[in-house]
S.K.: 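After the structure tokens below, expect a handful of questions from me.
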Amino acid sequence: MSFQALVDTSSQVAATSKRTEKTALLAALLAPLSPDDTVVALGLLSGEPRQGRIGVGWSAISNIDAQPSATPTLKIATIDAAIVALAETTGPGSASRRAEQLHALFSAATASEADYLKRFFVGEIRQGALEGILADAIAKAHGVPGTLVRRAAMLSGDLRRAAEAVVRDGRRGLEALGLTVLTGVQPMLASTSTDVAEALAATGPASVEWKLDGARIQVHRSGDEVQIFTRNLNDITSRLPAMVAAVRSLPVASVVLDGETLSIGGDERPETFQETMSRFSQDSPDDRGLRPFFFDILHVDGRDLIDLPLHERLAELERVAGQYRIPAETTGDPAVAATVLEQALSSGHEGVMVKGLDGLYQAGRRGKSWRKVKPVHTLDLVVLGAEWGHGRRSGWLSNLHLGARIDDASGTGSDDFLMVGKTFKGLTDELLRWQTAEFPAKVVSESRGTVSLQPHFIVEIALDGAQSSTTYPGGVALRFARVRRYREDKLLSEVDTINAVRKLLKERPRQESEKNDSSQ
DNA sequence: ACATAAGCATC
DNA sequence: ATCGGAC
DNA sequence: GTCCGATGATGCTTATGT
């Protein structure tokens, strides 16, 4: 593929917002593929180049023409900041003019930047970047059903594998791709329900399992060989030696398990998510504080289990790894499920998963037979500022800076506020229009895409909880904050206090000595 | 040598 | 992660 | 039902700046 064709197509892909058009453009790119080709398909990523690093974004393209095509590989590259910036900053003009601009920028990139980009752009697809569209495009280009491409990609954990298979062997090659032990499978995801009754109504009789606040793990074992993957199929085997040993001791020759890992304290209660992440992310770790909890099994001793109903998989899981099973109860009764939820919460966990007993393991899908249920908190907070949005939100004030009220012991009502987080979620186009129209009247200053506002607008925020923070002045930050609605009926004195936010911090269990102290 | 920022990961 | 919008 | 795009907080490792 020529550089020019690449630039032309990427510009077009960047310029259209219609999924079908993107698919068609990419399919045209992929159609002339032969097994000897190295082909570059373009994904378009969100975001803008980080300040001072724009030069990095461009040098990628200069290397693409030079890629050797020694092996019959379909290479899918994603063009990140380069194409976004190309579309947004160069304005109208011929593709060749844009190409010249790009070349000028490439030459300004340092050697390390170019090296980084080679790794990043060529031969790698960033997780989640337009994969659906790319899968459709690949299917279209080769005249096979999209579902086949997707299934192959999910089970082999990698769109590139599926693409290679169609290019080389057509439909038959796709159909031959399946679950392979020691190769990551895209994990099944869950949809959300507001309460256990709603979840059970959707699933029917279910396994109601504690939802633990840790990191997803997928464990493969074949003989003595063990591989552990994250949710995005990153290989973290070397970071978890104790877990590898535990898996080696299971009474099987080969197995694929799905679960969660987190840090559990001496009192058997979970540590904070931050603590878990600290242990989980360290490169030279002692992972003994990290415990595995498994909730599914995809393969055992030569048998794939993904197309068996959940209750049969759970029976296998119990047999193979019963000691590591996540706490769960099977029921169709909402009252029983509610009790399980209460137990999970009072034990310090996040909520429950409700999983239909007849459901199959739908790799990579947000299965309707898996529902997560977590309690939702709400707070009334004040808007301290807002940021101008990007992409489809450009021209609108989008991301809100949220403040909690400082408690006032004098009782006269304070109007001082501490920032506790930001959110852009939950805003409809109508709300974006509204706040973009209303906020300017209260602006006190503006700099670098952020406007500061007098405390005036009060907004109801839904959130999952709070976590300790070193970046915010009150020492707490919101977790997964989203806008519910504006509260024009509320007074500033009714804004929730910083202490109310702090109460949402996960409470650590008290030590025995403290319990004794407090009872005196 | 040390401090800060970028980049990527988890949720 | 979550959410709204587009398909 | 799915996918995409726009962004949240935080921790660790590595690159860059002084």
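Both backbone and side-chain heavy atoms feed into the values below; hydrogens, waters and symmetry mates do not. Below, chains carry the letters A, B, ... as their sequence lines are ordered, and counting in each starts from 1.
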S.K.: By nearest atom, which of the nucleotides C/dT2, D/dG8, B/dT10 is closest to the A/N232 side chain?
M.R.: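 Nucleotide nearest to A/N232's side chain: B/dT10.
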
S.K.: So which of residues 462-488 of chain A are in contact with DNA chain B, with a heavy-atom cut-off of under 4.0 Å?
M.R.: A/R479, A/F480

S.K.: Which of these nucleotides, B/dT10, C/dG5, C/dT2, is closest to any side-chain atom of A/D429?
M.R.: C/dG5

S.K.: It should be established whether A/K374 places a side-chain nitrogen or oxygen under 4.0 Å from OP1 or OP2 of nucleotide C/dT2.
M.R.: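 For C/dT2, OP1/OP2 do have a side-chain N/O of A/K374 under 4.0 Å.
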
S.K.: Between A/M277 and A/G389, name the one whose nearest nucleotide on DNA chain D is closer to the 5' end.
M.R.: A/G389

S.K.: Given atom CD of A/Q186 and atom C1' of D/dT2, what is their separation to the nearest angstrom?
M.R.: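 Nearest whole value for this atom pair: 15 Å.
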
S.K.: Atom NE2 of A/H390 and atom P of D/dC4: how far apart are they, to the nearest Å?
M.R.: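 It is 22 Å, rounded to the nearest whole Å.
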
S.K.: So, OP1 or OP2 of D/dG8: does either fall under 4.0 Å of a side-chain N or O from A/N399?
M.R.: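 For A/N399, the contact criterion (side-chain N or O under 4.0 Å from OP1 or OP2 of D/dG8) is met.
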
S.K.: Within less than 4.0 Å of OP1 or OP2 of B/dT10, is there a side-chain N or O belonging to A/T230?
M.R.: yes

S.K.: Given that A/S398 and A/Q282 both sit by DNA chain D, which one's nearest nucleotide is further toward the 5' end?
M.R.: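 The residue whose closest nucleotide sits nearer the 5' end is A/S398.
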
S.K.: Give one of base, sugar-phosphate or nothing for A/T276, where a contact means two heavy atoms less than 4.0 Å apart.
M.R.: nothing

S.K.: Evaluate the ring planes of A/F439 and A/W434, with Trp represented by its six-membered ring, and classify them as parallel (under 30°), tilted (30 to 60°) or perpendicular (over 60°).
M.R.: perpendicular

S.K.: Is there side-chain contact between A/V459 and A/L402, with at least one heavy-atom pair below 4.5 Å?
M.R.: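 Yes; the side chains approach each other to less than 4.5 Å.
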
S.K.: Nearest-Å distance, CD (A/Q435) to C1' (C/dG4)?
M.R.: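 So the CD-C1' distance, A/Q435 to C/dG4, works out to 14 Å.
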
S.K.: With the side chain of A/K422 defined as its heavy atoms from C-beta on, choose the nearest nucleotide among D/dA9, B/dT10, D/dT2.
M.R.: D/dA9

S.K.: Please name all residues satisfying side-chain hydrogen bond (donor to acceptor under 3.5 Å, both in side chains) with A/T423, sequence neighbours left out, ordered by chain then number.
M.R.: none

S.K.: Mind checking salt bridge (charged side-chain N to carboxylate O under 4.0 Å, His left out) for A/K422 and listing every partner two or more places apart, or none if nothing turns up?
M.R.: A/E387

S.K.: Whole angstrom is fine here: how far is it from CD1 in A/I228 over to C1' in B/dT10?
M.R.: 16 Å

S.K.: Return the nearest nucleotide to the side chain of A/N234; candidates are D/dC12, D/dT2, B/dA9.
M.R.: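 Of D/dC12, D/dT2, B/dA9, B/dA9 is nearest to the side chain of A/N234.
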
S.K.: Tell me: CZ of A/R239 to C1' of D/dT13, nearest whole Å?
M.R.: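 Rounded to the whole Å, the gap is 10 Å.
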
S.K.: Under 3.5 Å, sequence neighbours excluded: what are the donor-acceptor pairs made by side chains of residues 358-369 of chain A?
M.R.:
unit_1: A/Y361; atom_1: OH; unit_2: A/M188; atom_2: N; d: 3.0
unit_1: A/Y361; atom_1: OH; unit_2: A/D258; atom_2: OD2; d: 2.7
unit_1: A/R366; atom_1: NH1; unit_2: A/A190; atom_2: O; d: 3.0

S.K.: Output the rounded distance in Å from CG (A/L400) to C1' (D/dA9).
M.R.: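 Between C1' of D/dA9 and CG of A/L400: 16 Å.
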
S.K.: Is there a side-chain contact between A/S278 and the phosphate of D/dC12, meaning an N or O under 4.0 Å from OP1 or OP2?
M.R.: yes

S.K.: Just the rounded figure in Å: distance from P of D/dG5 to CZ of A/R393.
M.R.: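 So the two atoms are 14 Å apart, to the nearest Å.
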
S.K.: Please classify the nucleic acid contact of A/K211 as base, sugar-phosphate, or nothing, using heavy-atom distances under 4.0 Å.
M.R.: nothing

S.K.: Going by side-chain hydrogen bond (donor to acceptor under 3.5 Å, both in side chains), name the residues that satisfy it together with A/K372, two or more places apart in sequence or in a different chain.
M.R.: none

S.K.: Please give, in whole Å, the distance from C/dG4 P to A/R433 CZ?
M.R.: 15 Å

S.K.: Show your working on ring-ring contact (aromatic ring centres under 6.0 Å, His included) between A/F293 and A/Y324 and close with a plain yes or no.
M.R.: CA-CA 5 Å; A/F293 293 86; A/Y324 298 111; 8.6 Å; no

S.K.: Return all side-chain donor-acceptor pairs below 3.5 angstrom for residues 192-203 of chain A, not counting sequence neighbours, or 'none' if the list is empty.
M.R.:
unit_1: A/S193; atom_1: OG; unit_2: A/R371; atom_2: NE; d: 3.1
unit_1: A/T194; atom_1: OG1; unit_2: A/E198; atom_2: OE1; d: 2.8
unit_1: A/D195; atom_1: OD1; unit_2: A/A197; atom_2: N; d: 3.1
unit_1: A/D195; atom_1: OD1; unit_2: A/E198; atom_2: N; d: 2.8
unit_1: A/T203; atom_1: OG1; unit_2: A/A199; atom_2: O; d: 3.3

